[in-house]
Number of protein chains: 2
Amino acid sequence: MPSEASLPLTATVRLPRVRGLRVRGQILTRAAELASIDGLDQVSIGRLATAMQMSKSGLYAYFTSKEDLQLATIDCAWRVFEEHVLQPGDDAVEALLERWISYYEREIFPGGCLFVTAGMEFANRDGPVHDALAAALERQVAALEGAIARAGAAGDDDAASLSATDAGQVAFELHAVLTAGNQRFRISRDAAAFAHARAAIERLLA
Amino acid sequence: MPSEASLPLTATVRLPRVRGLRVRGQILTRAAELASIDGLDQVSIGRLATAMQMSKSGLYAYFTSKEDLQLATIDCAWRVFEEHVLQPGDDAVEALLERWISYYEREIFPGGCLFVTAGMEFANRDGPVHDALAAALERQVAALEGAIARAGAAGDDDAASLSATDAGQVAFELHAVLTAGNQRFRISRDAAAFAHARAAIERLLA
DNA sequence: CCTACCGATCGGTAGG
DNA sequence: CCTACCGATCGGTAGG
C-alpha cells in the first residue's frame with residue numbers, strides 16, 4: 001500500500017490535470033465572449049463545442065450541465081472584471097470610474113458587460129444562475145460604495161461631502177450612469193454614450 | 001361589375017376582420033407579457049400558441065414569421081408604454097417621471113419594462129428587431145428631453161436652469177436612473193431600488 | 001383556424 | 001476526449 005504513494009502519480013495525474021484546467025479556462029473565456037454578445041442562454045453546448053473545435057460530449061468532460069457551464073462562465077467573467085476594474089491599485093473614486101468606463105469602451109468583452117446583458121436575461125427567473133448574477137451586481141455596487149466611503153475617510157476634498165450625503169445612494173447613481181453608458185453604446189452604437197456617462201460622473205462628484 | 005359593390009361584403013368580410021384584429025391584439029398582449037419575463041427570443045411560436053390555446057399554425061394566420069411577431073410585439077408594448085407614461089396629460093417633468101417609476105412599480109408588464117430586457121437581448125444583433133428597439137430607446141430619451149425643454153421654455157423655477165445646462169445630458173441621466181431602478185428591482189427583488197431612483201431624480205431636478 | 005409533417009438544433013446520455 | 005444516439009422543441013410549410 002505505501003508503494004502506491006511512491007509511484008509517479010504526480011507526473012501521470014497532475015500534468016493532464018493542469019492541461020485540463022488550462023483548456024477549461026479557454027472554454028470559459030470563449031463562453032464569456034459569446035455570452036456577452038448573445039446572452040448566456042444562447043451559448044448552447046453545440047455552438048460552444050463547434051467554436052472550440054471539439055464535440056459536444058467533449059465539453060461534458062469539463063461541465064456536468066449547461067447550468068454548471070453558465071455558473072462557471074459568470075465566475076470567469078467576474079475575474080476578468082475584477083482584473084480590469086477593481087484591482088489595479090489606485091482606488092480613488094475617479095480612477096476606479098475611469099477604469100470602469102474604459103473597460104466598456106475598450107470592449108474587454110466583445111458584446112459589452114456580461115453582467116448587464118445576462119442580469120436582465122435572468123432577472124425574472126429563479127435558481128443559482130440568477131443568484132450568481134444578482135450577487136455580481138451587488139458586488140459591483142458595493143465596490144463603488146466602498147471607494148466612496150474610503151475617500152470620505154481619507155478626508156478627500158469633494159469626496160468627504162459625497163459620503164456625507166449617502167454613499168449607498170451615490171453608488172446607485174454612479175452604477176446607473178455607468179451601465180447606462182454601456183447599454184446605450186451597445187444598442188445605439190454611438191460612442192457619445194460614454195461622453196454622457198463621463199459628464200454625469202463629473203456632475204455627481206462635483 | 002358594379003353589382004359587386006352592392007353585395008353585403010361589409011357584413012361578411014368586415015366582421016371577421018374586426019374579430020381578427022381583436023384576437024391579434026390579445027395575442028400581442030400575451031406575447032409582450034411573456035417577453036417582458038423571459039425575453040423576446042424565448043417567446044417561441046409553440047409556447048405562445050399553447051398560452052393562447054391555439055395551434056402553432058393558428059398563429060401563422062396572424063403573423064408571417066417570428067420576426068414579424070417580434071416587431072408587432074414591440075409595437076404593442078410601445079403603445080402600452082405611451083398610454084401609461086407619455087400621454088396622461090400632465091407633461092411637467094416631475095409628473096412624467098413619477099408616472100414612469102410607477103409604471104415600473106405597478107408591473108404593467110409582469111417582467112418589467114420590455115424595452116430594457118429586449119434592448120440588451122438584441123443590442124449586439126443586426127436587423128429590424130434591433131432597429132425597432134433602438135428607436136424605442138431613442139424615443140424614450142427624446143420624451144424626457146422634450147419635457148425638460150418645454151419646462152425650460154415655460155420659465156419653470158428649477159427647470160429653466162436644468163435645460164440651461166444641457167437637456168440631452170439631463171435626459172441621459174434621468175433615463176439611466178429610471179432604467180437602473182427597474183433593473184435592480186427585477187434582479188434584486190428589492191423595492192428599495194425605486195426609493196434610490198426617486199432620490200436620484202430629486203437630486204437631479206434640484 | 002386545424003392536423004400532420006419537415007429538417008435543424010436543443011440538452012443530455014451510453015459506451016467506449 | 002470521441003461517435004452515435006435519445007426525446008423534446010424549434011421555426012416554418014403543405015394541404016385543407
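Everything numeric here is computed off the predicted structure, so don't read it as measured data.
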**Request:** Tell me, please, which residues at least two apart from B:T50 pass side chain to side chain contact (heavy atoms under 4.5 Å, CB included).
**Result:** none
**Item:** Separation of D:dC1 P from A:R24 CZ (nearest whole Å)
**Value:** 13 Å
**Item:** Presence of B:S55 side-chain N/O under 4.0 Å of C:dC1 phosphate oxygens OP1/OP2
**Value:** no
**Message:** Expressed as a whole number of angstroms, how long is the span from A:L59:CG to C:dT9:P?
**Reply:** 17 Å
**Prompt:** Ring centroid separation for B:F185 and B:F194, is it under 6.0 angstrom?
**Reply:** yes
**Asked** Has the side chain of A:S65 got a donor or acceptor atom that lies under 3.5 Å from a matching backbone atom of A:D68?
**Response** yes
**Asked** When the distance from CE of B:M54 to C1' of C:dT3 is rounded to whole Å, what number comes out?
**Response** 16 Å
**Asked** When we call it a touch if two heavy atoms are under 4.0 Å apart, what does A:Y62 touch: a base, just sugar-phosphate, or nothing?
**Response** sugar-phosphate
**Carboxylate-amine/guanidinium contact B:R79 B:E82, below 4.0 Å** = no
**Message:** Testing the 3.5 Å rule here: is there a donor-acceptor pair between the side chains of B:Q183 and A:T179?
**Reply:** no
**Prompt:** Taking the six-membered ring for Trp, are A:W78 and A:F81 ring centroids under 6.0 Å apart?
**Reply:** yes
**Prompt:** So what stems show up for DNA chain C if we need 3 or more Watson-Crick or G-U pairs in a row, all under 3.5 Å?
**Reply:** C:1-16 with D:1-16
**A:F172 ring center near B:H196 ring center (under 6.0 Å)** = yes
**Asked** Where the side chain of B:E121 meets the backbone of B:L40, is there a donor-acceptor pair that is under 3.5 Å apart?
**Response** yes
**Message:** Across nucleotides 10-16 of chain C, 5' to 3', mark each nucleotide with B, S or - according to how protein heavy atoms within less than 4.0 Å reach it.
**Reply:** SBBBB--
